[in-house]
There are 2 protein chains.
Amino acid sequence: MAPKILDEHSLQAREQEIIDAALALIAREGVANVTMDKVVAKVSYSKGTVYKHFTGKEDLLLAIGNQAITIMLDLFFRASQYPGCARERMLLINFSYLFYAILHPALFMSAMCSKSPNVYEKSTIKRVQEQEHLEMKLMGIFFNLIEEAIADKSFTLPPDMDMQQICFANWSLGYGVISLLADEVESCSGRTGLVVERELFNQNNIFLDGLRWGPLSHEKDYKAGLKEALEQVFGEELARMKALGRELNF
Amino acid sequence: MAPKILDEHSLQAREQEIIDAALALIAREGVANVTMDKVVAKVSYSKGTVYKHFTGKEDLLLAIGNQAITIMLDLFFRASQYPGCARERMLLINFSYLFYAILHPALFMSAMCSKSPNVYEKSTIKRVQEQEHLEMKLMGIFFNLIEEAIADKSFTLPPDMDMQQICFANWSLGYGVISLLADEVESCSGRTGLVVERELFNQNNIFLDGLRWGPLSHEKDYKAGLKEALEQVFGEELARMKALGRELNF
DNA sequence: ACCTGAACACCGTTCAAGT
DNA sequence: ACCTGAACACCGTTCAAGT
């Protein structure tokens, strides 16, 4: 038999098959309970082939993390293109982050787990660099938005903070709220009475009011504006959430 | 030989020895690289005995997480007793959270890893309940502080938020900032120019200003007040940090 | 050139045998 | 009553043998 020469395309398709198999397992059993054996059993290739694509378990996890960022990038970009004021779009981006967490719980968990020195150490340099590149693009969306707001005078930087710090502050807000309420994102238990979309909305207003980013929350009905924007930009995502029995409740 | 009867005290001492051994290993190699074998090798008891105390690896991790909360509880309580205004003390509590993350990186990492369904599922009910109890006490400190502020009129609840939501918002702020900058908490690399103590200070001001919690940041010099309070309440912790070559820099 | 799966080292957990 | 460590099932990774 003539030796096979694999083209880039089929190699990438195979890589995606492995990632998808891992994601399905993660969704069912959680990141910690997934083994390479189980992944191999789910794909049409052998162990050796899987290890040809990923140098190990951590490298696979990082690849999944990168896929997560790619999906977020799409959501964030769409949100940033909405024809509303800058502050409105900032809120919309943060809500798109929530959609990602709700609609892709396995990706969300994987991305969180992949952000650890242990994973980076054991991964390919190539994939670590890919993550850095993707994160730069993500940051770029925020930077552009903040720059626009500064340009149209709805926001001015506080004297002791630069754009990167504002960007980080907004990011850590969404991250804190969504990751801490992530268990409730899936289950409807609601043991404590905290509703993630409500807290995200309120904290966003408090934060942006604190920054004096106009229009302030008492000057504009951001709740109505957000509902409108969600319908328009994330209609498909809302429908998928409704199908999962998870409707936004604020 | 007469059969031994173990008293509660020596049992607890042994449990602590195992926890300490695990923490030392976690500090050196990270949570993911610690094995039960390594822990057993470090203590003066056998595998079977270790498994008498902890039903498994996850149960041990949760025990460490509970110890972490206990230490935080002490720091938070001390901060809450400082004779300053309520807003000042809120800031001080958030900084005590940062101290905990810097001075006890192994505990901090373990506590983060222990907050996962996978860990709870595989742990003793007893230890899960202990964690819930400790977290209630932690919340209590925040609740008391917020109540005081409401009582002395420096703060009024927004119409659409209750105390639990304010409490959670403050918690998620500290969690977001500190956990995202945790790698920089240890290493001095500072690749991006974000300094965790500076971001924590700024975001606290923005958040509390946004809540209209008085005195507002332009009405009072919180930086000077914080420095004073830190010297007074956390002098020992500051000294230990200085010994580690980690001085606060805002 | 590419794929396979047996083989190996290691890890978490148990429990029969000891004192 | 309590402790031990050999034994077992399982997991991550490698690589000699195949096509």
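Residue numbering restarts at 1 for every chain, and letters A, B, ... go by the order of the sequence lines.
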Practice task
Answer with yes or no after comparing the ring centroid distance for A:Tyr100 and A:Phe76 against a 6.0 Å cut-off, counting only values under it.
Solution key: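 For A:Tyr100 and A:Phe76, the ring centres are not under 6.0 Å apart.
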
Exercise for the section: Assert yes or no for the condition that the ring centre distance of A:Phe95 to A:Phe234 is strictly below 6.0 Å. Expected result: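 No, the ring centres sit 6.0 Å or more apart.
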
Please report, rounded to the nearest Å, how far the [atom2] atom of [N] is from the [atom1] atom of [X].
| X | N | atom1 | atom2 | value |
| --- | --- | --- | --- | --- |
| A:Leu61 | D:dG12 | CG | P | 12 Å |
| B:Asp7 | D:dA1 | CG | P | 16 Å |
| B:Lys52 | C:dC15 | NZ | P | 12 Å |
| B:Lys57 | D:dA9 | NZ | C1' | 17 Å |
| B:Phe54 | C:dG12 | CZ | P | 15 Å |
| A:Leu25 | D:dC11 | CG | P | 12 Å |
| B:Asp59 | C:dG12 | CG | P | 14 Å |
| A:Leu11 | C:dC2 | CG | C1' | 10 Å |

Handout entry: Any A:Arg14 side-chain nitrogen or oxygen under 4.0 Å from OP1 or OP2 of C:dC3
Key =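 A:Arg14 to C:dC3 OP1/OP2: side-chain N or O found under 4.0 Å.
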
Problem - D:dT4 OP1/OP2 closer than 4.0 Å to side-chain N/O of B:Thr49 - result: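 Yes, because at least one side-chain N or O of B:Thr49 sits under 4.0 Å from OP1 or OP2 of D:dT4.
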
Exercise for the section: Please name all residues satisfying side-chain contact (heavy atoms from CB on, under 4.5 Å) with B:Val233, sequence neighbours left out, ordered by chain then number. Expected result: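 For B:Val233 the side-chain contact (heavy atoms from CB on, under 4.5 Å) partners, ignoring immediate neighbours, are B:Arg78, B:Tyr82, B:Leu92.
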
Exercise for the section: List for me each residue that meets side-chain contact (heavy atoms from CB on, under 4.5 Å) alongside A:Glu17, sequence neighbours excluded, and say none if there are none. Expected result: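 Partners of A:Glu17 by the side-chain contact (heavy atoms from CB on, under 4.5 Å) criterion, ordered by chain and then number, come out as A:Val43, A:Ser44, A:Tyr45.
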
Handout entry: Interface with DNA chain D, restricted to residues 29-39 of chain A and to heavy atoms under 4.0 Å
Key =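 Contacting residues: A:Val34, A:Thr35, A:Met36, A:Asp37.
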
Exercise for the section: Give one of base, sugar-phosphate or nothing for A:Lys47, where a contact means two heavy atoms less than 4.0 Å apart. Expected result: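 Base contact - A:Lys47 has a heavy atom under 4.0 Å of at least one base atom.
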
Practice task
May I ask you to say what A:Gly56 touches in the nucleic acid, namely base, sugar-phosphate or nothing, with a heavy-atom cut-off under 4.0 Å?
Solution key: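 Touches sugar-phosphate only.
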
Handout entry: Qualifying residues under salt bridge (Lys or Arg N to Asp or Glu O under 4.0 Å), relative to B:Lys47, sequence neighbours excluded
Key =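 Per chain and number, B:Lys47 pairs via salt bridge (Lys or Arg N to Asp or Glu O under 4.0 Å) with B:Asp37.
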
Problem - Pair listing, ring-ring contact (aromatic ring centres under 6.0 Å, His included) test, anchored in residues 46-66 of chain B, at least two apart - result: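 Checked against ring-ring contact (aromatic ring centres under 6.0 Å, His included) - neighbours excluded - no pair reaches residues 46-66 of chain B.
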
Problem - Reference residue A:Leu60; test side chain to side chain contact (heavy atoms under 4.5 Å, CB included); the match among A:Glu15, A:Arg127, A:Met36 - result: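 With A:Leu60 as partner, A:Glu15, A:Arg127, A:Met36 yield a single side chain to side chain contact (heavy atoms under 4.5 Å, CB included), made by A:Met36.
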
Problem - B:Gln131 and B:Tyr120 side chains, donor-acceptor separation under 3.5 Å - result: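 B:Gln131 and B:Tyr120 do have a side-chain donor-acceptor pair below 3.5 Å.
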
Exercise for the section: Would you mind reporting whether A:Leu244 and A:Leu103 have side-chain heavy atoms less than 4.5 Å apart? Expected result: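 The answer is yes; the side chains approach within 4.5 Å.
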
Exercise for the section: Find the runs of at least 3 consecutive base pairs, i with j, i+1 with j-1 and so on, that include DNA chain C, using Watson-Crick or G-U wobble geometry with both distances under 3.5 Å. Expected result: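 Looking at DNA chain C, the stems formed by three or more consecutive pairs are C:4-8 with D:12-16, C:12-16 with D:4-8.
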
Practice task
Name the closest nucleotide to the B:Glu58 side chain, picking from C:dT4, D:dT4, C:dT13.
Solution key: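 Ranking C:dT4, D:dT4, C:dT13 by closest atom to the B:Glu58 side chain puts C:dT13 first.
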
